Amino acid sequence: MTNQQPARVRFAPSPTGYLHLGGLRTALFNWLYARHTGGQFILRIEDTDQNRYNPESLDDIMRGLRWLGLDWDEGPDIGGPYGPYVQTERQALYHDYIDKLIASGHAYKCYVTSEELDAMREEQRAKGQPMGYDRRHRWLSDEQRAELEATGRSHVVRFAAPLEGVTRVHDLIRGDIEIESASILDPVLIKSDGIPTYHFANVIDDHFMEITHILRADEWISSAPLHKQLYDAFGWEMPALAHLPVILDPSGKGKMSKRKKIVDGKEYLALTHEFIEAGYLPDAMFNFLTNVGWNFDPEREIFARAEAIERFNDISSINPKPAALPYDKLEWLNGVYIRALSTTELHQQLIPFLAKQLDLDEAELAHSETLSELVPHIQERLKLLTDAAPFIDWAFQTADQITYPDPNAFIGRKMDAAGTVAVLEAGITLIEGLSAFTVTALEKAFRDKSEAMQVKVGPFLTPFRVALTGKTVAPPLFESMVAIGREETLTRLRNGLRVLKSYAATPVPTA
């Protein structure tokens, strides 16, 4: 069991790309632990890689976190007592502490040029030696350093890693991580442009932001001993550390890509904004991701956020093994959460998707009685919010915009064209004569007419569905008629009747 004092945890993305689902899961686990312990969840932006910095990605990261409901207590947009929360705004602090490391002998200036580094690597390769910096400027005298600086050479600052012993780091999930200390070959801490590397800025920031627990991706396992050495060099206590399991693609054979990937002929998403745009609900994604690498309860698939927070009490219970992403379960969960929405909530959730897919005005959709009428009748069929448009697009078209499939689609089972024409004509007459245009009145009238014409109800209703929507699969027929109104219904049925009559009158070619 981990320390249950209020935890200070951080999600520290680099704004060099869009928020990946693996990054979102990392943020979620940090958030859950902060909320369970009554601590703080901090958003810190690690933008020291200025060559790959993408300003759009920062907006994307924040949007993705907000979508999932991961609110932060301190961050670049809201500030906090340990700010600033963007690394390039903390340069003075890094330089103060690199000077302290140099003064204590734990870091040194290195003047090796890129050409010299290339030559060094080529020589190591030719001799079959391990690749890496050979520490050639670690023990320069003051006079040698002065001579190099006098030539105008730029420099980096490297860490003077311990040359003896073992560096041991405890991982809350994986146990102890050990390496020979000297295997860390004096990595760069400050680049020649004065910007710190990830490793140095990360350690400084975690210390001064008083981070108590670091939950990060397993790709950083190899850097843990270096970070431990840096904490030791400063005489600081290292936060508790946990490396989260990698997320595999659905096949379980490879790491989840940062791009859409084809697995067994199916395209799978990878970026958070892709899941948002595909029509997933944040509650479904929250439920799903919480169970990727951790398990809420083997007996329960669905749980509330508050329940997850209450149970997320032991970091060591996270499974270190890679976890394949079960997309089918995500789609199933999303359908469950869609069905749990009230019809009013679903109406509101569908608005931005329908507006984009059908080129409609969001404000008009918000007050659309047609949409309100249809939502209850499609809710059970939806797995994604983007699934709704193909079911109801016809309701937002004019009668003249409805296109009809093969005329044979009008003809129900064991019916012919002439009989189907008679059925459509009878239905039109019925609708024209109804005093009340309601689902109940329509259903009774049509069932009575079906019986009178000795046609089974299914085949009897088929031509009306196709004439009304242009589709063979649509929401319930009578509810659809009421949703668009009597006059629009009649116009569409008459249009369909004309198509069918034309087809019925066309001579059948002889062999």
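This one's a predicted model, so the numbers in the text were calculated from it and none came from an experiment.
By the 4.0 Å N-to-carboxylate-O rule, Arg311 lies too far from Glu307 to be salt-bridged with it. A salt bridge is absent between Asp59 and Arg63; no separation between the charged side-chain nitrogens and carboxylate oxygens falls under 4.0 Å. Using a cutoff of 4.0 Å between basic side-chain nitrogens and carboxylate oxygens, Arg494 and Glu432 are scored as salt-bridged. Salt bridge annotation for Lys329-Glu331: absent, with no cationic side-chain nitrogen under 4.0 angstrom from a carboxylate oxygen. For Asp71 and Arg66, the salt-bridge test fails: no basic side-chain N is under 4.0 Å from an acidic carboxylate O. Between Lys456 and Glu451 there is no salt bridge, since none of the side-chain N atoms of the basic residue sits less than 4.0 Å from a carboxylate O of the acidic one. Under the 4.0 Å criterion applied to side-chain N and carboxylate O atoms, Arg35 and Glu310 are not assigned as salt-bridge partners.
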field: Verdict with supporting geometry, Leu215 and His213, side-chain contact (heavy atoms from CB on, under 4.5 Å)
entry: CA-CA 6 Å; Leu215 281 67; His213 296 74; 4.0 Å; yes
- request: Determine, step by step, whether Ile42 and Asp73 satisfy the side-chain contact (heavy atoms from CB on, under 4.5 Å) criterion, reporting the C-alpha distance in whole Å, the side-chain angles of both residues, the deciding distance to 0.1 Å, and the verdict.
  value: CA-CA 6 Å; Ile42 295 130; Asp73 303 290; 5.8 Å; no
message: I'd like to know whether Leu244 forms a side-chain contact (heavy atoms from CB on, under 4.5 Å) with Asp218, so could you lay out the CA-CA distance, the side-chain angles of the two residues, the decisive distance to 0.1 Å, and finally the verdict.
response: CA-CA 5 Å; Leu244 305 177; Asp218 76 337; over 6 Å; no
task: List the steps, then state whether side chain to side chain donor-acceptor pair (under 3.5 Å) holds for Asp314 with Ser316.
output: CA-CA 5 Å; Asp314 185 2; Ser316 67; 2.6 Å; yes
- prompt: Yes or no on ring pair (Phe, Tyr, Trp, His ring centres under 6.0 Å) for Tyr404 and Phe410, after CA distance, side-chain angles and deciding distance?
  reply: CA-CA 9 Å; Tyr404 295 114; Phe410 286 92; 5.3 Å; yes
field: Candidate pair Trp294 and Ser317, rule side chain to side chain donor-acceptor pair (under 3.5 Å), full reasoning
entry: CA-CA 7 Å; Trp294 183 74; Ser317 68; 3.2 Å; yes
message: Determine whether Tyr33 and Phe41 satisfy the following criterion, ring pair (Phe, Tyr, Trp, His ring centres under 6.0 Å), listing intermediate values before the conclusion.
response: CA-CA 9 Å; Tyr33 195 64; Phe41 174 62; over 10 Å; no
query: Does the pair Leu24 and Leu65 meet the rule for a side-chain contact (heavy atoms from CB on, under 4.5 Å), with working shown?
result: CA-CA 7 Å; Leu24 187 63; Leu65 295 177; 4.1 Å; yes
- prompt: Does the pair Thr16 and Asp49 meet the rule for a side chain to side chain donor-acceptor pair (under 3.5 Å), with working shown?
  reply: CA-CA 8 Å; Thr16 56; Asp49 188 351; 5.7 Å; no
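With sequence neighbours excluded, no residue forms a ring-ring contact (aromatic ring centres under 6.0 Å, His included) with Tyr85. Considering only residues two or more places apart in sequence or on other chains, Trp332 meets the ring-ring contact (aromatic ring centres under 6.0 Å, His included) condition with none of them. Annotation: ring-ring contact (aromatic ring centres under 6.0 Å, His included) contacts of Phe296 (sequence neighbours excluded): Phe303. Judged as a salt bridge (Lys or Arg N to Asp or Glu O under 4.0 Å), and not counting sequence neighbours, the contacts of Arg90 are Asp205. Remark: Glu479 pairs with no residue by the salt bridge (Lys or Arg N to Asp or Glu O under 4.0 Å) rule, at least two apart or across chains. Partners of Tyr82 under the ring-ring contact (aromatic ring centres under 6.0 Å, His included) rule, at least two apart in sequence or in another chain, do not exist in this structure.
Shown here for Leu172 and Ala240, the closest heavy-atom pair between the two residues is CD1-CB, 3.9 Å. Nearest heavy atom pair, residue Asp249 against residue Ala324, reads O-CB, 3.7 Å. Residues Pro245 and Lys321 come closest through the heavy atom pair CB-O, 3.2 Å. The heavy-atom pair separating Leu341 from Leu281 by the smallest distance is CD1-CD1, 4.1 Å. Residues Met415 and Pro459 share a closest heavy-atom pair of CG-CB, 3.9 Å. Closest non-hydrogen pair, Ala355 versus Leu365, comes out as N-CD1, 3.6 Å.
Within 6.0 Å of CZ on Arg413 lie no more than 12 heavy atoms contributed by other residues, nucleotides or ligands. Atom NZ of Lys471 has more than 12 heavy atoms from other residues, nucleotides or ligands within 6.0 Å. Around the CG atom of Asp406, the shell of radius 6.0 Å holds more than 12 heavy atoms that belong to other residues, nucleotides or ligands. The environment of CD in Gln401 is crowded: more than 12 heavy-atom neighbours from other residues, nucleotides or ligands sit within 6.0 Å.
Summarising the geometry, atom CG belonging to Leu19 is positioned 9.5 Å from atom OG1 belonging to Thr26; distances are rounded to the nearest 0.5 Å. Taken to the nearest 0.5 Å, the CD1 atom of Ile392 stands 7.0 Å off from the CG atom of Leu358.
Between His273 and Tyr18, the angle of the ring planes goes over 60°, which puts this pair in the perpendicular group of the 30/60° scheme. Ring geometry for Tyr327 against Tyr268 counts as tilted: the plane angle lies between 30° and 60°, on a 0 to 90° scale. Aromatic ring pairs are classed by plane angle as parallel below 30°, tilted from 30° to 60° and perpendicular above 60°; the pair His199 and Trp220 is perpendicular.
Tested against Arg10, the residues Asp206, Thr212, Asn30 include a single side chain to side chain donor-acceptor pair (under 3.5 Å) partner, Asp206. Checking Val466, Ile411, Asn408, Val455 one by one against Thr420, the side-chain contact (heavy atoms from CB on, under 4.5 Å) holds for a single residue, Ile411.
A donor atom on one side chain and an acceptor atom on the other are not found under 3.5 Å apart for Arg492 and Asn495. Using a 3.5 Å distance cut-off with no hydrogens or angles, the side chains of Asn313 and His36 do not pair a donor with an acceptor. If you check the side chains of His243 and Arg174, you find no donor sitting under 3.5 Å from an acceptor.
Inter-residue side-chain proximity for Asp77 and Trp72 is flagged as met; some heavy-atom pair is nearer than 4.5 Å. Within the 4.5 Å cutoff, no side-chain heavy atoms of Leu248 are placed close to those of Leu325. Under the 4.5 Å side-chain criterion, counting only non-hydrogen atoms from C-beta, Val375 is in contact with Thr343. Side-chain atoms of Glu74 and Leu43, non-hydrogen and from C-beta on, never get closer than 4.5 Å to each other. Val86 has its side chain within reach of Glu89: a pair of non-hydrogen atoms, C-beta onward, lies under 4.5 Å apart.
The cationic group of Arg44 does not satisfy the cation-pi geometry with Phe11, failing either the under 6.0 Å distance to the six-membered ring centre or the 45° limit from the ring axis. Note that Arg25 lies in the cation-pi zone of Phe29, set by a 6.0 Å cut-off to the ring centre and a 45° limit from the axis.
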